[in-house]
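Computation of the quantities below employed the complete heavy-atom set of this structure, encompassing side-chain atoms and omitting hydrogens, waters and symmetry-equivalent molecules. Labels below follow one simple rule: chain letters A, B, ... track the order of the sequence lines, proteins then strands, and each chain is numbered from 1.
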Amino acid sequence: MTEHPLLRLDGVAMQYGSGETAVTALVGVDLEVARGELVAIMGASGSGKSTLLTIAGGLTQPTSGEVIVEGNWLSEMTPRQVATLRRRSLGFVFQDFNLIPALTALENVSLPLELDGWKSRRARRAALDALAVVELSDRATHFPSDLSGGQQQRVAIARAVVGGRSLVLADEPTGALDSTTGEMVLRMLRARVDAGAGGILVTHDARHAAWADRIVFLRDGRVIDEAAARGVGSLLGAAS
Amino acid sequence: MSVRQSLLAILDQGPCYGYQLRSEFDRRTGSTWPLNVGQIYNTLDRLERDGLVDKADIDADGQIYYEITAAGSAEVASWLGSPVVRTAATRDELAIKLAIAVTLPGIDIAHVIQVQRSATLRTLQELTRTKNATSEPESSQELAWMLVIDSLIFTTEAEVRWLDHSETRLARAAAAGFAAPLPLSTDVPKRGRPVKQTTGASTTVPGDSMQTGPASS
């Protein structure tokens, strides 16, 4: 049996409004993300990057085309089923972290599992494991306001991958961070993907997109080009 | 020139022989700009001529050690304390290519930019993978290597940003209607290297300046 790609977009189109005032955000986009693959989406403002991400994450329904997550056709599912799939399989990372201020780092990470019916103790154990991966075990009981921007984003990454979530959708995750901290966050995202997850990274920053295996360019809602990475080290003599 | 100053700065730590200097330079720059031994000895000869180093001991294997002079140490201090001046007018092949392309008829300049951007991004991906394969620096040697990779990454990123910027600028120019091709000027320069003409050969007319008459061959 062939393994399903984690995510497949098939001829996805999105149009807001109708008639003369209609705005076309996406036109016939095909895209696949496999396990262990990080795909960056680049494009100017208004090119459709964020719309693509919300459609891939089942937050918005496309006007036409299909979104298939782990072999599940979203168009054939009820809203409740889509919500369950989203909770179990997808993790989101946003530019402004979106942590709940009244919850500790640990509670922020364990919340989606508890919402999904996990027993509290098991959810907390999984959340602690996820925080350990992003090197924040010692900040588990801190509230977001006590954490730096980089630490908050690492909590958000832990939340996005906790409990075996397989697809991470990140929208400008380093936008609010300084250069070195942003790089640390990307290094961790990359490590989660290398460990078997898949991911989409929306960014307008080439230096960040370069962490991906493939870079897809959008212009006016269409995929205009794609760049795939070569192997390591052919540019530099001694990558010691 | 940075090779000269770099070798001098290494010698400021203690006497070295030529091959040793090469390995010390590589150790600090991750072999990104490999030097050959001939280049090292030529540089040492010039440094000696300029009074910045002196020949010192010869070891049992016959290696000649070079040691820095007081003037050499002063030059190192001056190098580290002053900015590197980049010459603004260095010819950049890509900038020239786009500048020419934008003036030609029938060129899809957006495509030219996209082809370049994909290639530059692949380079950036490769540098980033190399960086990701390198753990966080835990020694000054690893730190030096990381600084070099970062420099290459930021320079490559700058090219992508410039391409993005150029694309937007071109789109605006096209919308404003002044992105038309630049035809050959009818006001041809008087100077140049005209072909010697024999008596009776046809005169050159504007627009035909690239053609040569049959008598000129």
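The pair B/Glu24-B/Arg27 meets the salt-bridge criterion, with a side-chain N (NZ, NE, NH1 or NH2) lying under 4.0 Å from an Asp/Glu carboxylate O. The pair B/Arg117-B/Asp164 counts as a salt bridge, with a side-chain nitrogen and a carboxylate oxygen less than 4.0 angstrom apart. Using a 4.0 Å cut-off between charged side-chain N and carboxylate O, B/Lys131 and B/Asp150 make a salt bridge. Salt bridge annotation for A/Asp213-B/Arg129: present, with a cationic side-chain nitrogen under 4.0 angstrom from a carboxylate oxygen.
By number of non-hydrogen pairs under 4.5 angstrom with chain A, the leading residue of B/Val115, B/Asp26, B/Asn132 is B/Asn132. With chain A as partner, the option from B/Leu121, B/Val160, B/Thr168 having the largest number of non-hydrogen pairs under 4.5 angstrom is B/Leu121.
Heavy atoms of A/Arg190 lying under 4.5 Å from chain B belong exclusively to its side chain. Looking at A/Met42, the atoms closer than 4.5 Å to chain B (heavy atoms on both sides) all sit in the side chain, from C-beta outward. Contacts of B/Glu142 with chain A are absent, with no heavy-atom separation under 4.5 Å from either backbone or side chain.
In this structure the side chain of B/Val148 reaches within 4.5 angstrom of the side chain of B/Trp33, judged on heavy atoms.
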